[in-house]
Structure formats: structure tokens, C-alpha cells
Amino acid sequence: MTSTPATTPDLLEKVTNLAKRRGFIFPSAEIYGGFRSTYDYGPLGVNMLGNVKRAWWRSMVQMRSDIVGLDAAILGPPAIWAASGHLETFTDPLVDCKKCKERWREDKIDGVCPNCGSTKFTEPRAFNLMFKTQAGPVEGEGATAYLRPETAQGIFTNFANVLATVRKKPPFGIAQIGKSFRNEITPQNFVFRTREFEQMEMEYFVAPADADQWYRYWIATRLAWYLDLGIPEEQLRLHEHAQEDLSHYSRGTTDVEFAFPWGWDELEGVANRGDYDLTQHANASGVALDYFDQTTKERYTPFVIEPAAGATRAMMAFLLAAYHEDVVEGESRTVLRLDWRLAPYQVAVLPLSKKSELEDVSREVLELLQPHFMCDYDVTQSIGRRYRRQDEVGTPYCVTVDFATLEDRAVTVRDRDTTAQVRVPIGELLASLRERTGQS
Ligand code: ATP
């Protein structure tokens, strides 16, 4: 078996096509001609995106005693965004091409219009990325609301609520997964940059003197998360921002970058936000957002270390890294080498034929596995075609029920990556699959 990681120039196109053809990601509102830069997650995509979020939640909340979860509102009053600095400074530099009139984000185009090649632009204007809307039936100032451009602020505004209810003390964190909205000037590269997207953010509150140590800790921990879920080391790197490029709130930012088909680009940012956010919200709201240390009798505003990742962007990176084209026994195939924790289906149950005796046993096998694994069930086409179809969507194991199963109560388990097949008694199937996926 030969295998090439498909770092070809058309990788993006191949993955985008596969995502649509196999029900991962559809362009939104397609029957109406599409709505630029919005995407819908199909039957397989919703499984995979859910798995990405579950893997994050597991490592950030479930496996730790120092981090708790939160699910805050998406709509918020202007007061939050005035205090956080977003109304003032959450802008990108917008330029118009003087020749073709297309609009671009100046810092992303290197002085050349990607549409017509012209180098003549208008002076850059600060374009605010916030989505503004109206809450309630009466228009006017008091009704203005904003869709959140990041999940983080809901964490800061709930700092005192969480502290009072869960009795944590620094160092401790609050984690949140949810949708965010930014009126991006040039959404592009499939789901890499969209106007509606999903984030996975955690704010880790620490004593100011410990901030630098925790900043380093979270950079290393977040890099390790992507490696653990199967992105090869050579496709990941860290990029520390220069002091002059830092956002208004940041004392230090390091991005985890992935080798996207167009070059290195951000997957996640880890920032030392200092005491900026809690101080801003305390001043604006008049509510104290600090911590009193009973042992040292000191009151202080914690510093915040923030690992901020994109769920939808991470899913795209996992798909790109998993995409391979193989030749198995002289036949070429496309295979997604997804970690079993991320694959849309972990197991596919495949009756060799549509004969009812086989379907009966196959249903029995399916019901045995469904409480433990996300399973697909497929009876159409030849078994070879069905294996290829499962390889293409990354299903790690196929379980085939054939006529011998009726005699020996055993099934064939086929491994996606090696294509090796082993015979396993139905009575041992669950334990065998659990062992293969490293579950106890
Ligand atoms: P950029 O400078 O590329 O616009 P950013 O540095 O402002 O992005 P952050 O505010 O740090 O991005 O957002 C944290 C994470 O949220 C990003 O690393 C990314 O994974 C995700 N994210 C941000 N904007 C988008 C978007 N428009 N579409 C998809 N994911 C996004």
C-alpha cells in the first residue's frame, strides 16, 4: 500500500467538494442561489463538529477540576461592547480597489487587488465588524443590541456569578463553546473565515505574578491537543506576535498555526489579557470584579490567560490533515484518516447482501453497538464500494455480516487505515472495538 498525504495545490478544492458531496458542509441557502459565506453542517458534518467540540470540552472541562463551563447569551446590550472596547476598536482596515471597485481588508492583500491586480486603493477606513440589530418591537437607541463577536465577554460579565456559585479560586477557568458573528470584509477559504462561526474559548483567571507561567502552560497544552487528535507535528507551529501587533487588550499573544493549503494561518490564539477585561467591566458596571485571597488577605483583579479556538476552523484543519489518496491492491481510494474520536461514524455495519436473514443479524449487531458508538448502516451496492464510501468519510471500522455469520455467529472487522480484516465473534465485538479505540 502506498500513501501520499495530499498536500497538493488542489487540496482545498478536493476537501470542499468531498464535504459537500458526502454531507459534511453545504453552502447555505443553496436553493436560493446561496448566501455568501454561510454554511450548513449536514448529517456527517454535525456529527464531526459535535465531536470536535466534545473533544475540546472533555480536555478543558471534564478532565480538570479547575475549569467550569458556561453558556451565555449571544445577544447583548451595547454596554458590554462599549466596556470591552469592541465598539471603539474592533475594526479592520477597509480599502476599495480604484480600478474594479472591490472591497478588501488591507492587511490581507499585500497591496495588490486579488481581483484585478491593481495596486491603487482608497485610503484605509476603520470598518467595525460588529453585527448590530434591534431587540424588541420599538426602534431607537434603547433597543440596539449586538450579536457577540467572541464568546469571551459573556465569561467576564459572569465572573462574579460563577465565583459565588462554584467556590473556585485562582488559578481557575471558565470555558464556553458557541456561535460568534463578525461582519468580515472578505470571508474566504471555505469555512476558514465566515461571518457566522463557532468558537471554543476559555478564560483562565490567575494571580498577576503567575500570569506568564500560565501563558506558557496554555500555549503548550493547546498545541498538544491538536497533536493528540492526529494533526502531524510538521503541519503545526507556534507564532508569537510582535509587541507592536498586539490587540488592545493583550500583553502577549501566541497563535497555534496550521499549514493550510494557502500557507501558515491561525487556528487558535493564546493571549495574556492581563486585568484589562475585568477592570473595564468593573469600572463600567460599578460591580466589583476581583478576588479576595483569604490566606494572604489580599484583594486583587486576576489576570486572564485565554486560549481562543475556532470549532469550525479546527474542523476544517482536521479534514485537511486527514485527507489522503491511497492505492490499495492496485485500486486507488480516498481516505480520511480521522482520529476515531472525530470521525462522523466510528463504525459502519454492513450486511453482505440484502437477504432478510443477514439483515436480521445485522440489525442485532447494530443495536449492540449503537449505545457505544455512532454507527452507520449501509446495505446498498457491492461490499467493495461500501468500504470505499466509508473510507472516504473516515469511518475507522466496518463490521461486515456475511452468510458464515449465520453459522458461526462471528463478523468481519475491517480497519480503515490498513484495510486488514479479522474475524470476531459477535459476543466479543463490543470489547474488541473498545480495545481498538483505546476505551476501557
Ligand atoms: P483574524 O485576525 O484572522 O481576523 P483574530 O485573530 O481576530 O482573527 P480571534 O479573535 O483570536 O481571531 O479569534 C479566535 C479564534 O476564533 C480564531 O483563532 C479562529 O479559530 C476563530 N475565528 C475568528 N474569526 C473567525 C471567522 N471569521 N471565521 C471562522 N473562525 C474564526
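Values below: all heavy atoms of this structure, side chains included; hydrogens, waters and symmetry mates excluded. Counting starts at 1 for both ligands and their atoms, following the listed order. Fair warning: this is a prediction, and the values are worked out from it, not measured in the lab.
Under the 3.5 Å distance criterion, with hydrogens and angles disregarded, no donor-acceptor pair is assigned to the side chains of T334 and E392. Using modelled atom types, one finds a donor on one side chain and an acceptor on the other under 3.5 Å when comparing T253 with S250. Judged purely by distance below 3.5 Å, without hydrogens or angles, the side chains of Q153 and H281 pair a donor atom with an acceptor atom. Counting only N and O atoms by type, the side chains of D66 and Y204 include a donor and acceptor under 3.5 Å apart. Between Y215 and T254, the side chains place a donor N or O and an acceptor N or O closer than 3.5 Å (distance only, hydrogens not considered).
Using a 4.0 Å cut-off to heavy atoms of E266, the atoms of ligand 1 that qualify are 6 (O), 11 (O), 12 (O), 17 (C), 18 (O). With ligand atoms numbered from 1 in the order given, ligand 1 contributes 14 (C), 15 (C), 18 (O) to contacts under 4.0 Å with heavy atoms of A308.
Taking atom 28 (N) of ligand 1 as the reference point, the nearest protein heavy-atom neighbour is T194 N, 3.0 Å. Scanning all protein heavy atoms for the shortest distance to atom 21 (C) of ligand 1 gives G310 CA, 3.8 Å. The protein heavy atom nearest to atom 29 (C) of ligand 1 is F192 O, 3.1 Å.
Look at E150 and you'll find every heavy atom at least 4.0 Å from all atoms of ligand 1.
The shortest N or O to N or O distance between E201 and ligand 1 is not under 3.5 Å. At least one N or O atom of R105 sits closer than 3.5 Å to an N or O atom of ligand 1. Taking any N or O of F197, backbone or side chain, none lies under 3.5 Å from an N or O belonging to ligand 1.
Nearest to atom 12 (O) of ligand 1 by heavy-atom distance, out of R193, R182, Q199, is R182. For atom 27 (N) of ligand 1, the choice among R195, E184, H241 with the nearest heavy atom turns out to be E184.
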D40 vs S28, side chain to side chain donor-acceptor pair (under 3.5 Å): CA-CA, chis, key distance, verdict:
CA-CA 5 Å; D40 300 337; S28 214; 2.8 Å; yes
Begin with the C-alpha distance, continue with both residues' side-chain angles, and end with the deciding distance and a verdict on side chain to side chain donor-acceptor pair (under 3.5 Å) for T380 and D378.
CA-CA 6 Å; T380 58; D378 188 4; 2.9 Å; yes
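Looking at Q188 against ligand 1, nothing comes within 4.0 Å, counting heavy atoms. With a 4.0 Å cut-off on non-hydrogen atoms, L267 touches ligand 1 through its backbone and not its side chain.
The side-chain heavy atoms of Y387 and R414, taken from C-beta on, include a pair separated by under 4.5 Å.
Electrostatic pairing of R237 and E257 counts as a salt bridge here, judged by a charged N lying under 4.0 Å from a carboxylate O.
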